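Remarks on the structure that follows.
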Amino acid sequence: MRQKKFILQEQEIPTHWYNIQADMPTKPLPPLNPATRKPLNADDLSHIFNKECAKQEMDMEHTWIEIPEEVREKYSYYRTTPLVRAYALENALGTTAHIYFKNESTNPLGSHKINSAIPQCYYCKQEGDTNVTTETGAGQWGMALSYAAKLYGLEAAVYQVKITMQQKPYRSTVMRTFGATVEGSPSMSTRAGKNVITRDPNYPGSLGTAISEAIELATTTPGCKYALGSVLNHVALHQTVIGLEAEKQMKLAGEYPDKVIACFGGGSNFGGIAFPFMRHLFDGSHKDTEFIAAEPESCPKLTRGKFEYDFGDEAGYTPLLPMYTLGHDFKPANIHAGGLRYHGAGVIISQLIKDGFMKGVDIPQLESFEAGLLFAQTEGIIPAPESCHAIAATIREANKATKAGQSPVILFCLSGHGLIDMPSYESFINGDLRNYSVSNSEIEENLKKVPR
Ligand SMILES: *Cc1c(COP(=O)(O)O)cnc(C)c1O
């Protein structure tokens with residue numbers, strides 16, 4: 001029987017995260033204070049985040065950062081995760097490509113987000129904080145943080161984007177099951193939320209607004225830290241356990257990826273799987289690997305955004321970050337891949353794109369669900385609508401290779417399962433979904449609001 005899954009023992013959970021910032025040929029530009037336009041340091045960030053994560057965010061020096069033993073112990077509840085050869089998908093496509101996926105959907109919370117929620121809550125506890133707060137789009141991050149907070153006896157308050165609260169009602173129930181309080185955003189409980197509701201009472205919410213609300217709560221509540229589930233460098237750092245395991249597992253399979261693919265919201269699952277392999281671009285041992293980030297056609301910051309200093313949130317509470325952005329108050333269409341509805345790309349990713357180490361591709365909503373359905377019907381796993389974008393990009397690459405008579409090894413990250421996303425599959429199957437494109441003038445208009 002040919003081998004389908006490549007499994008590592010618990011002792012092989014990585015002992016260190018890989019900090020790509022130390023190896024990057026061009027270092028990312030620093031975040032700026034929006035008022036003075038002066039570079040910020042780790043101390044400035046520790047008003048909002050716990051100190052250790054603030055330090056990791058700015059660390060350009062240490063290539064390897066030790067994973068605390070208590071965190072590894074919590075990782076062992078669900079790690080390591082399998083690397084799987086997608087034989088059935090390959091068959092259905094009739095492709096000559098070898099397709100592998102790293103399955104981050106196997107933990108009960110259903111996505112990769114837990115890989116960063118655990119260390120963030122661990123550090124908060126270590127530093128004497130009592131509360132954490134955050135935003136959540138589709139709900140995966142809120143679920144992961146609610147559980148991680150409970151592990152360490154912290155209170156969690158989650159602002160969930162209103163539209164996704166309605167699209168995915170069970171997500172807030174999961175968060176409350178883990179003991180968190182959940183508010184629909186925009187809410188009336190913060191100044192940022194009130195401002196948005198005053199302008200537009202029917203606004204369905206966005207990640208940008210929800211971030212503003214959570215930061216406002218964190219900066220006005222003693223002992224409360226803000227935790228972010230994507231975009232930032234320390235989040236991508238924690239996610240490198242994905243790629244570090246995958247690297248060992250690809251060795252077990254006797255292959256090395258020619259293409260590494262992940263879906264892209266703010267960049268954490270992409271960075272998680274890609275950065276450990278990218279270090280072999282930098283050290284010259286594997287120079288030809290291609291890195292592809294799959295974003296929704298309706299939120300195309302990687303392919304059509306501009307590299308600018310911009311805010312990470314809608315209200316402008318965050319530092320200015322150098323990133324590919326569509327403008328901080330870009331209002332993405334209500335696609336079902338809620339986790340990909342974010343206006344900007346992380347700072348590291350933005351620099352890597354600028355330097356030509358990776359690229360973005362745009363996937364229309366219908367193509368993403370077609371890919372998701374094919375994957376479900378072949379491999380037996382219903383993927384998260386976000387992950388469907390990675391599958392669609394993988395299928396494009398596989399078909400291209402088949403036509404060209406090539407057999408590349410493609411590795412993609414299955415960032416989560418879609419079992420609480422059935423309303424979106426139902427809409428797709430009923431023919432009720434459509435594509436959303438964005439016009440150039442819409443993008444240009446939005447970029448005018450970027451602070452210069
Ligand atoms: C949050 C989420 C994403 C997008 O976030 P990234 O930081 O870009 O990884 C993708 N897939 C799933 C399943 C998610 O929960």
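What you see is a predicted model; the values in this text were computed from it and never measured. Counting starts at 1 for both ligands and their atoms, in listed order. All heavy atoms count here, side chains included; hydrogens, waters and symmetry mates do not.
- One distance of note links OH of Y324 with CG of D310; it measures 14.0 Å at 0.5 Å rounding.
- Distances from ligand 1 to the non-hydrogen atoms of W141 include no value under 4.0 Å.
- Screening S105, S268, S387 against H112 for a side chain to side chain donor-acceptor pair (under 3.5 Å) leaves a single residue, S268.
- If you check each of S116, S268, G418, A138 against atom 6 (P) of ligand 1, the one with the closest non-hydrogen atom is S268.
- Inclusion of G266 in the set of residues having an N or O under 3.5 Å from an N or O of ligand 1 is warranted.
- Listed by atom number, the atoms of ligand 1 under 4.0 Å from L340 heavy atoms are 4 (C).
- Using a cutoff of 4.0 Å between basic side-chain nitrogens and carboxylate oxygens, K162 and E183 are not scored as salt-bridged.
- A salt bridge links D421 and R171; the closest N-O separation between the charged side-chain nitrogens and carboxylate oxygens is under 4.0 Å.
- In summary, the side chains of E12 and T80 do not present any donor paired with an acceptor at a separation below 3.5 Å, with no hydrogens or angles considered.
- A salt bridge links R279 to E247: at least one charged side-chain nitrogen sits closer than 4.0 Å to a carboxylate oxygen.
- Of all protein heavy atoms, the one lying nearest to atom 2 (C) of ligand 1 is K113 NZ, 2.4 Å.
- Counting the atoms of ligand 1 from 1 in the order shown, those under 4.0 Å from a heavy atom of S415 are 10 (C), 11 (N), 12 (C), 13 (C).
- Distances below 4.0 Å separate heavy atoms of G339 from the following atoms of ligand 1: 4 (C).
- Taking 4.0 Å as the cut-off between side-chain N and carboxylate O, K359 and E290 count as a salt-bridged pair.
- Ligand 1 places these atoms under 4.0 Å from at least one heavy atom of G416: 13 (C).
- Judged by the 6.0 Å and 45° rule, K74 forms no cation-pi pair with Y147.
- Using a cut-off of 4.0 Å between Lys/Arg side-chain N and Asp/Glu carboxylate O, R79 and E245 are scored as salt-bridged.
- When each atom of ligand 1 is checked for a heavy atom of C263 under 4.0 Å away, the hits are 10 (C), 11 (N).
- Ranking protein heavy atoms by distance to atom 7 (O) of ligand 1, first place goes to S230 OG, 2.5 Å.
- Every atom of ligand 1 with a heavy atom of E386 under 4.0 Å away is listed here by number and element: 10 (C), 11 (N), 12 (C).
- At least one heavy atom of G267 sits closer than 4.0 Å to an atom of ligand 1.
- The nearest heavy-atom contact from the protein to atom 8 (O) of ligand 1 is G265 N, 2.6 Å.
- At least one heavy atom of H112 lies less than 4.0 angstrom from ligand 1.
- Going from atom OG1 of T134 over to atom CD of E213 covers 12.0 Å, rounded to the nearest 0.5 Å.
- Of the candidates L232, N269, L109, L207, the one placing a heavy atom closest to atom 9 (O) of ligand 1 is N269.
- Residue S111 approaches ligand 1 through these ligand atoms, each under 4.0 Å from one of its heavy atoms: 13 (C), 15 (O).
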